[in-house]
Amino acid sequence: MFSSSQLRTRCLVLLQSSLTTITFFFQIHAQMIRNHLFPADAFVARRALEFVVSSPQGANLNYALKIFDQIPHPNTFAWNTMIRCYANSPFPACSLGLFNRMIRSSSFAIDAKPNSYTYPFLLKACARLSAVREGEKLHGFMVGLGADTDVFSINGLINMYAACGKINSSRLLFDAALTGKEDTVTWNSMLSGYLNSGLINLAGKLFDSMPDREKGVVTWNVMINGYSRHGEIDRAKLIFNRMPKRNVETWNTLMVGYVRCGLLDTARKVFDEIPNRNAVSWSAMITAYTQGDQPNEALSLFDEMEKSSCFVEPNLSTVVSVLSACTQLGAVERGKRVHDYIERNKMKVDSIVGTALIDMYAKSGCIETATSVFKSLKKPKDVFPWTVMISGLAANGHGFEALALFHEMESTGVRPNRITFVGVLSACSHGGWVDSAMKYMSLMTEVYGLEPESEHYGCIVDALGRVGRLTEAVSFIEAMPRRWINDVIWLTLVGSCSFYGDIAVSEYALKRLNRFGDVYVLVSNIYAMNGRWVKARNARSIMESKGIQKCPGRSSIEIAGAVHDFHSGQKSYGRIHDIYEMIRIINFRIR
DNA sequence: GGTTTTCTTG
């Protein structure tokens, strides 16, 4: 057995150890309570709080607040810990509320007054909220206490005002600080303030006037990032070339700059040149491929990452972009392996990763697995997992379940967004439930104040078309706000016409198309159904006369985890002869 | 006793 002081020391050591997981922490916490170390021993309690807010698996806000509320007389450090935790959380406003509690309760306690650490956290919260009034109030409070002269606070103020769009106030504070009070962060804050406000020429002038000895790596990085964000990738590159010293962030910033400008190949060249790639470098490049509709490139880069001699541990972002590449390709087997990887490495399945997993499984038709991932997510779930789960159910033909889940989401107090309603409405359209679709559409506008867009209207058109109410669908489209009427809407209707073989409505819809796109097959079906074989054959020439080339039919299949991509007319695939041989055999057997 | 600000991925 341990003596009580030995136990205390042991707890403190474990709380500081990087090997302590949150699960193990709960055990330590239980021991501390049992042995009256918590909450009586204020120092131990503060260490526990600090552990929970900076746990490697992410801060546990609710638990942190529970611990904090049990500390009898929190000192400045404890308050600061809790305020910092909220400032960096999804709820920065809570840190301002906590600060109010702090000044009310600390009027007599000397060891619980705000200090020079407190203000930067609060200013960060204001900056993240773009809360000018709160920021100004806080600034006034600081001036009253003479707490506005610390360089961290000055930098925080410059940053806060810039984030709130008060760039002139930032500049006034900056000029006042240029009397020896400033450091390199002061300059960086002012520069990034200008750049984020789109004032790139003012930033350039300030940068040129800055003494070279003041310029740190971050200063240069800020410039590269700012220029590239405003499409000035060439100016960004010039800055990059002039740098005396670069770090990984420099390389990553330039690479991402090229990605933003759509120059994926140049970005890849930069990536290949990075001397010491980190997880961000890899994730950013993989994401670029995924979002640039090159999911195969994304996956092969991930393979390379795993095989690379200078091994970099994939992080949550890496995993998310790999999963969304799998989703694009419908590569479930591959996605499952990523899922295994997540579990093997005990990575925390947060809302973002969870959403990516659900989406991957649902879009690949594995609705049961999607559901079980959804159920395993920690409560409260934010709107994203709910949304992909609802859309996934709808897409797999489980309309009733999708709507039931939507109501469950509403009853938990989660506010649906426009994407959620696309899922809800598509559940209705798949079932041909016109009345429900209309009902949800008005719920969307009247209760949630969301303006329906093209996709939402499209679902109603689809629902009407599915049950054969084609002329009603036409009048619905014509009553829609003009700007949301597009080819997709008309094509939806053409699709329904091809099911019901309605020539009149389909011709009406086709006349309203801007591009003729890929409707050739649909259109010839409509004519063929009505025995108009000549017109059916002509559909292709109509299309060509509009100057549109038909995109080749495409398909992909996953075999043993590898994705094979095909398009019609392709002759170059490695086993093309085997494939044609197989087709011959199949045809023979059918006959 | 110890925590802050500026740059890169989702």
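Chain letters run A, B, ... following the sequence lines, proteins first, then strands; residues in each count from 1.
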(request) Look up atom CZ in Phe384(A) and atom CD1 in Ile419(A), then write down how far apart they are to the nearest 0.5 Å. (result) 8.5 Å
(request) Counting heavy atoms from C-beta on, name the nucleotide in dT6(B), dG10(B), dT9(B) closest to the side chain of Gln291(A). (result) dG10(B)
(request) Measure from CZ on Arg47(A) to P on dG1(B) and round the result to the nearest Å. (result) 11 Å
(request) Flag as yes if Phe77(A) stacks onto the base of dG1(B) (centroids under 5.5 Å, planes under 30°), otherwise no. (result) no
(request) Look at the side chain of Val185(A) and decide which nucleotide, out of dT9(B), dT5(B), dG2(B), has an atom nearest to it. (result) dT5(B)
(request) Using the six-membered ring for Trp and the full ring for Phe, Tyr or His, decide whether Phe152(A) stacks on the six-membered base ring of dT5(B) (centres under 5.5 Å, planes under 30°). (result) no
(message) Distance check needed: dT8(B) C1' versus Tyr258(A) OH, whole Å only.
(response) 16 Å
(request) Scan residues 294-337 of chain A for pairs that pass ring-ring contact (aromatic ring centres under 6.0 Å, His included), counting only residues two or more places apart or in two chains. (result) none
(request) Please report, rounded to the nearest Å, how far the P atom of dT6(B) is from the CD1 atom of Ile154(A). (result) 15 Å
(request) Examine the side chains of Arg268(A) and Tyr289(A) and answer whether a donor and an acceptor come within less than 3.5 Å of each other. (result) yes
(message) Checking Asn188(A) against Asn155(A): is there a side-chain donor and acceptor pair closer than 3.5 Å?
(response) no
(message) Under 4.0 Å, heavy atom to any atom of DNA chain B: which of residues 166-173 of chain A qualify?
(response) none
(request) Return the value, rounded to whole Å, for the distance between atom CZ of Phe51(A) and atom C1' of dG2(B). (result) 17 Å
(request) Kindly say if Asn225(A) contacts the phosphate of dT8(B), meaning a side-chain N or O under 4.0 Å from OP1 or OP2. (result) yes
(request) Grab the CG-C1' distance between Asn247(A) and dT9(B) for me, whole Å please. (result) 15 Å
(request) Check the distance between dT3(B)'s P and Asn155(A)'s CG and give it to me in whole angstrom. (result) 18 Å
(message) Using the ring centroid of each side chain, check whether Phe26(A) and Tyr63(A) are separated by less than 6.0 Å.
(response) yes
(message) Check this for me: does the side-chain of Ser317(A) come within 3.5 Å of the base of dT9(B) through a donor and an acceptor?
(response) yes
(request) Figure out the CE/C1' separation between Met305(A) and dT9(B), and round it to whole Å. (result) 10 Å
(message) Can you tell me which nucleotide in dG2(B), dT5(B), dT8(B) comes closest to the side chain of Glu249(A)?
(response) dT8(B)
(request) Side-chain contact test, heavy atoms from C-beta onward, threshold under 4.5 Å: evaluate it for Trp386(A) versus Thr420(A) and give yes or no. (result) no
(request) Figure out the CG/P separation between Asn196(A) and dT8(B), and round it to whole Å. (result) 8 Å
(message) Distance criterion of 3.5 Å, no angle test: do you see the side chain of Asn221(A) paired donor-to-acceptor with the base of dC7(B)?
(response) yes
(request) Determine if Tyr117(A) stacks with dT3(B); use a centre-to-centre distance below 5.5 Å and an interplanar angle below 30° as the criteria. (result) yes
(request) Could you please name the option among dT9(B), dT3(B), dT8(B) that lies closest to any side-chain atom of Thr287(A)? (result) dT9(B)
(message) Quick check: Phe271(A) with Trp251(A) (ring centres under 6.0 Å apart)?
(response) no
(request) Side chain of Arg229(A) only, please: which of dG10(B), dT8(B), dT6(B) is the nearest? (result) dT8(B)
(request) Classify the nucleic acid contact of Arg260(A) as base, sugar-phosphate or nothing, counting any heavy atom under 4.0 Å across all strands shown. (result) sugar-phosphate
(message) Expected output is a numbered-order residue list: members of residues 118-131 of chain A with a heavy atom under 4.0 Å from any atom of DNA chain B. What is it?
(response) Pro120(A), Phe121(A), Lys124(A)
(message) Please report the interatomic distance CG(Leu157(A)) to NE2(His139(A)), rounded to the nearest 0.5 Å.
(response) 4.5 Å
(request) Consider the side chain of Val320(A), meaning its heavy atoms from C-beta on, and name the nucleotide among dG1(B), dT8(B), dG10(B) that approaches it most closely. (result) dG10(B)
(request) State yes or no: are the ring centers of Phe207(A) and Tyr227(A) separated by less than 6.0 Å? (result) no
(request) Validate the cation-pi geometry between Lys215(A) and Trp220(A): distance from NZ or CZ to the six-membered ring centre under 6.0 Å, angle to the ring axis within 45°. (result) yes
